[in-house]
Amino acid sequence: MIQDIFPAKFYNHYKEQKFCASDSAFYFSEGKVLVRYNQDSKSLTFPTCGDFPSQSGAATYLFSIDNQKYFLMPEKAELPAGLSDFSFYTLRQLRDLPLGPEAKTSLFAAFSAYHLWKWYDDNKFCGHCGKSLEHDSVERALFCPACKSKIYPRINPAVIIGILNQKKDKILITKYRTGYAHSALVAGFTEFGETLEQTVEREVMEEVGLKVKNIRYYKSQPWALAQDVLAGFFCEVDGDDKIKMDESELKYAQWVSREEVELQPNDYSLTNEMMKLFKSGACV
């Protein structure tokens, strides 16, 4: 999955860091990130902080991977002329590029940076009193100097659901009506007041009209596109297996055998890993 960057180590602990010319720089504009893609090596390169010498006091430290530090440049920072061979990409465009194995760390870095950029961009003013927010110097937070409110990075809990039909040895595969065009599983956000297991039951009923049982946790994944942390669950259809698809959200929902499962074009998502697990016969 996208976060599996071993042997590299991801350090998300916040602390004040000095701005060095060799550190990596993330520059976002309208949700797109500045990157250089090399078609020959299938690699991604980010600008360095040395490309933005005037921003040493305005850049925000994000995280480190091994000994490499990553900073966020202010969106209004002037784009240096020396970066003419760089281009702006959405995260979806980066995800769909043909990338070599070593580029996975860079892709995960871009996803993680987007998550924090989106949070900073959405929280310029205090939701309580309307005053401008400031960066906390002790922890990853924004605070209001007027009313002392504190805001932490937004993380949306959501579930990915592998629904199994044990009698027919099949799994329920879906495709969204809009957006992602490849095979997927039933998924959805956790609502207030419910457990993750209750989210599984509700989303399955809403999207495909089925009751489920034997809900069991599999694995989790951060997913920056929607500021999510995804929790993967397997479960079994309970009783009637006739699908009643929500046509406003899905364009396809069918019981599929192991041989018929079409995997996604890359190995970045928890959804794809769960489908691959069923396809291989190793499903929990």
Novice: What is the distance from atom CG of Leu44 to atom CG of Leu99, rounded to the nearest 0.5 Å?
Specialist: 5.0 Å

Novice: Rounded to the nearest 0.5 Å, what separates atom SG in Cys20 from atom NZ in Lys69?
Specialist: 4.0 Å

Novice: Apply side-chain contact (heavy atoms from CB on, under 4.5 Å) to Ser149 and list each qualifying residue two or more places apart in sequence or on a separate chain.
Specialist: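 Ser149: side-chain contact (heavy atoms from CB on, under 4.5 Å) contacts with Cys126, His128, Cys144, Cys147.
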
Novice: Please examine the side chains of Leu133 and Asn123, heavy atoms only from C-beta on, and report whether any two atoms are closer than 4.5 Å.
Specialist: yes

Novice: In this structure, would Tyr120 and Tyr61 fall into the same cluster of hydrophobic residues linked by side-chain contacts under 4.5 Å?
Specialist: no

Novice: Please tell me if the side chains of Lys219 and Met1 come closer than 4.5 Å, counting only heavy atoms from C-beta onward.
Specialist: yes

Novice: Okay, side chain of Gln68, backbone of Ser22: is any donor-acceptor separation there less than 3.5 Å?
Specialist: yes

Novice: Considering all heavy atoms of both residues, which atom of Met245 and which atom of Ala253 are nearest to each other, and what is their separation?
Specialist: SD-N, 3.6 Å

Novice: Keeping the roles fixed (side chain from Gln221, backbone from Leu270), state whether a donor-acceptor pair exists under 3.5 Å.
Specialist: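 Confirmed, Gln221 side chain pairs with Leu270 backbone.
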
Novice: Between CD of Glu259 and CG of Asp169, what distance do you get to the nearest 0.5 Å?
Specialist: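 The distance works out to 8.0 Å.
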
Novice: Apply the hydrophobic cluster definition, ILVMFWY joined by side-chain contacts under 4.5 Å directly or through others, and give me every member besides Ile155.
Specialist: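 Members besides Ile155, by chain and number: Val229.
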
Novice: When rounded to the nearest 0.5 angstrom, what distance separates CG in Asn214 from CG in Asp238?
Specialist: 8.5 Å

Novice: Establish whether Ile215 and Val159 are linked, either directly or via other cluster members, by ILVMFWY side-chain heavy-atom contacts under 4.5 Å.
Specialist: yes

Novice: Would you give the length of the straight line joining atom CD1 of Ile173 to atom NZ of Lys279, rounded to the nearest 0.5 angstrom?
Specialist: 9.5 Å

Novice: For residues 4-16, pull every pair meeting salt bridge (Lys or Arg N to Asp or Glu O under 4.0 Å), keeping only residues two or more places apart or in separate chains.
Specialist: none

Novice: If you define the side chain from C-beta out and look only at heavy atoms, does anything of Tyr176 sit under 4.5 Å from Leu250?
Specialist: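 Yes, close enough: below the 4.5 Å cut-off.
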
Novice: Any side-chain heavy atom of Glu236 sitting closer than 4.5 Å to one from Lys213?
Specialist: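 They are in contact (side-chain heavy atoms under 4.5 Å apart), so the answer is yes.
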
Novice: Under the side-chain contact (heavy atoms from CB on, under 4.5 Å) test, which residues partner Lys167, sequence neighbours left out?
Specialist: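 Listed in chain order: Asn165.
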
Novice: Got a sec, which residues hit side-chain hydrogen bond (donor to acceptor under 3.5 Å, both in side chains) with Gln55, two or more places apart in sequence or on another chain?
Specialist: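 In terms of side-chain hydrogen bond (donor to acceptor under 3.5 Å, both in side chains), with neighbours along the sequence ignored, Gln55 is linked to no residue.
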
Novice: What residues form a side-chain hydrogen bond (donor to acceptor under 3.5 Å, both in side chains) with Ser280, not counting sequence neighbours?
Specialist: none

Novice: Under the side chain to side chain contact (heavy atoms under 4.5 Å, CB included) criterion, do Leu225 and Phe111 qualify, and how do the steps go?
Specialist: CA-CA 7 Å; Leu225 281 171; Phe111 267 59; 4.0 Å; yes

Novice: What pair of heavy atoms forms the shortest contact from His115 to Ala224, and how long is it?
Specialist: CB-CB, 3.8 Å

Novice: Within a strict 4.5 Å, meaning less than it, do heavy atoms of the Leu72 and Leu116 side chains meet?
Specialist: no

Novice: I would like to know whether Lys170 and Asp241 meet side chain to side chain contact (heavy atoms under 4.5 Å, CB included); could you show each step before the answer?
Specialist: CA-CA 11 Å; Lys170 293 185 176 184; Asp241 64 2; over 6 Å; no

Novice: Taking all heavy atoms of Phe46 and all of Ser106, pick out the closest pair and write down the distance.
Specialist: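 Taking Phe46 first and Ser106 second, the nearest heavy atoms are CZ-O, 3.3 Å.
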
Novice: Using every non-hydrogen atom in the two residues, find where Tyr70 and Ala109 come nearest and quote the distance to one decimal.
Specialist: CE2-CB, 4.0 Å

Novice: Could you tell me which residues satisfy ring pair (Phe, Tyr, Trp, His ring centres under 6.0 Å) with Phe10, sequence neighbours excluded, listed by chain and number?
Specialist: Phe63, Phe108

Novice: Determine whether Val200 and Leu172 fall in the same hydrophobic cluster, where Ile, Leu, Val, Met, Phe, Trp and Tyr are linked whenever their side-chain heavy atoms lie under 4.5 Å apart.
Specialist: yes

Novice: For residues 113-133, which residue pairs qualify under salt bridge (Lys or Arg N to Asp or Glu O under 4.0 Å), counting only residues two or more places apart or in two chains?
Specialist: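 Residue pairs passing salt bridge (Lys or Arg N to Asp or Glu O under 4.0 Å), neighbours aside: Lys118-Asp122, Asp121-Lys124.
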
Novice: Considering non-hydrogen atoms only, spot the tightest contact between Gln198 and Glu194 and give its length.
Specialist: OE1-CA, 3.2 Å

Novice: Are Arg258 and Phe278 in a cation-pi setup, meaning NZ or CZ lies under 6.0 angstrom from the ring centre and within 45 degrees of the ring axis?
Specialist: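 Because its charged atom sits under 6.0 Å from the ring centre and within 45° of the axis, Arg258 does stack over Phe278.
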
Novice: Just list the side-chain donor-acceptor pairs under 3.5 Å for residues 85-98, sequence neighbours left out, or say none.
Specialist:
| from | atom 1 | to | atom 2 | distance (Å) |
| --- | --- | --- | --- | --- |
| Asp85 | OD2 | Arg36 | NH1 | 3.0 |
| Thr90 | OG1 | Gln93 | N | 3.1 |
| Thr90 | OG1 | Gln93 | OE1 | 3.4 |
| Gln93 | OE1 | Thr90 | N | 2.8 |

Novice: I'd like to check the side-chain contact (heavy atoms from CB on, under 4.5 Å) partners of Asn156; sequence neighbours left out, ordered by chain and number.
Specialist: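 Scan of Asn156 (side-chain contact (heavy atoms from CB on, under 4.5 Å), adjacent residues dropped) gives Arg154, Phe189, Gln227, Asp228.
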
Novice: For Lys211 and Glu201, indicate whether the former's side chain and the latter's backbone hold a donor-acceptor pair under 3.5 Å.
Specialist: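 Pair absent, no side-chain N/O of Lys211 close to backbone of Glu201.
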
Novice: For Asp246 and Ser248, indicate whether the former's side chain and the latter's backbone hold a donor-acceptor pair under 3.5 Å.
Specialist: yes

Novice: Count the heavy atoms belonging to other residues, nucleotides or ligands that lie under 6.0 Å from CD of Glu262, then report whether that count exceeds 12.
Specialist: no

Novice: So, for Met73 and Phe19, which heavy atoms are closest and what is the spacing to 0.1 Å?
Specialist: CE-CE1, 3.6 Å

Novice: Do the side chain of Gln264 and the main chain of Ser183 share a donor and acceptor less than 3.5 angstrom apart?
Specialist: yes

Novice: Ring-plane angle category for Tyr114 and Trp117, please: parallel below 30°, perpendicular beyond 60°, tilted otherwise.
Specialist: tilted

Novice: Do the side chains of Ile171 and Met205 join up, straight or via other hydrophobic residues, at under 4.5 Å, putting them in one cluster?
Specialist: no

Novice: Kindly indicate, with the supporting measurements, whether the criterion side chain to side chain contact (heavy atoms under 4.5 Å, CB included) is fulfilled by Thr45 and Asn38.
Specialist: CA-CA 8 Å; Thr45 303; Asn38 188 311; over 6 Å; no

Novice: Flag yes if more than 12 heavy atoms outside Lys32 fall under 6.0 Å of its NZ atom; otherwise flag no.
Specialist: no

Novice: Do Trp119 side-chain atoms and Tyr152 backbone N/O form a donor-acceptor pair below 3.5 Å?
Specialist: yes

Novice: What I want to find out is whether Lys276 reaches Asp267 closely enough, with some N-O distance under 4.0 Å, to be called a salt bridge.
Specialist: yes

Novice: Under a single-linkage definition using a 4.5 Å side-chain heavy-atom cutoff for Ile, Leu, Val, Met, Phe, Trp and Tyr, are Leu142 and Phe125 assigned to the same hydrophobic cluster?
Specialist: no

Novice: In the structure I gave you, are the side-chain heavy atoms of Phe52 and Leu83 within less than 4.5 Å of one another anywhere?
Specialist: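 A side-chain contact exists here, since the closest heavy-atom pair is under 4.5 Å.
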
Novice: Around Glu102, counting heavy atoms of other residues, nucleotides and ligands shown, do more than 12 lie under 6.0 Å from its CD?
Specialist: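 No, because the 6.0 Å sphere around CD of Glu102 holds 12 heavy atoms or fewer from other groups.
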
Novice: Please answer whether the main-chain N or O of Glu75 pairs with a side-chain N or O of Tyr27 as donor and acceptor at a distance below 3.5 Å.
Specialist: yes

Novice: Kindly write out the residues that satisfy side-chain hydrogen bond (donor to acceptor under 3.5 Å, both in side chains) with Asp136, not counting sequence neighbours, or none if the list is empty.
Specialist: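 Result, side-chain hydrogen bond (donor to acceptor under 3.5 Å, both in side chains) vs Asp136: Lys150.
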
Novice: Report, as yes or no, whether the 6.0 Å neighbourhood of atom CG on Asn67 holds more than 12 heavy atoms from other residues, nucleotides or ligands.
Specialist: no

Novice: So which pairs with a foot in residues 37-54 pass salt bridge (Lys or Arg N to Asp or Glu O under 4.0 Å), sequence neighbours left out?
Specialist: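 The answer is none; no pair qualifies.
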
Novice: If you measure from CD1 on Ile160 to OG1 on Thr271, what distance do you get to the nearest 0.5 Å?
Specialist: 3.5 Å

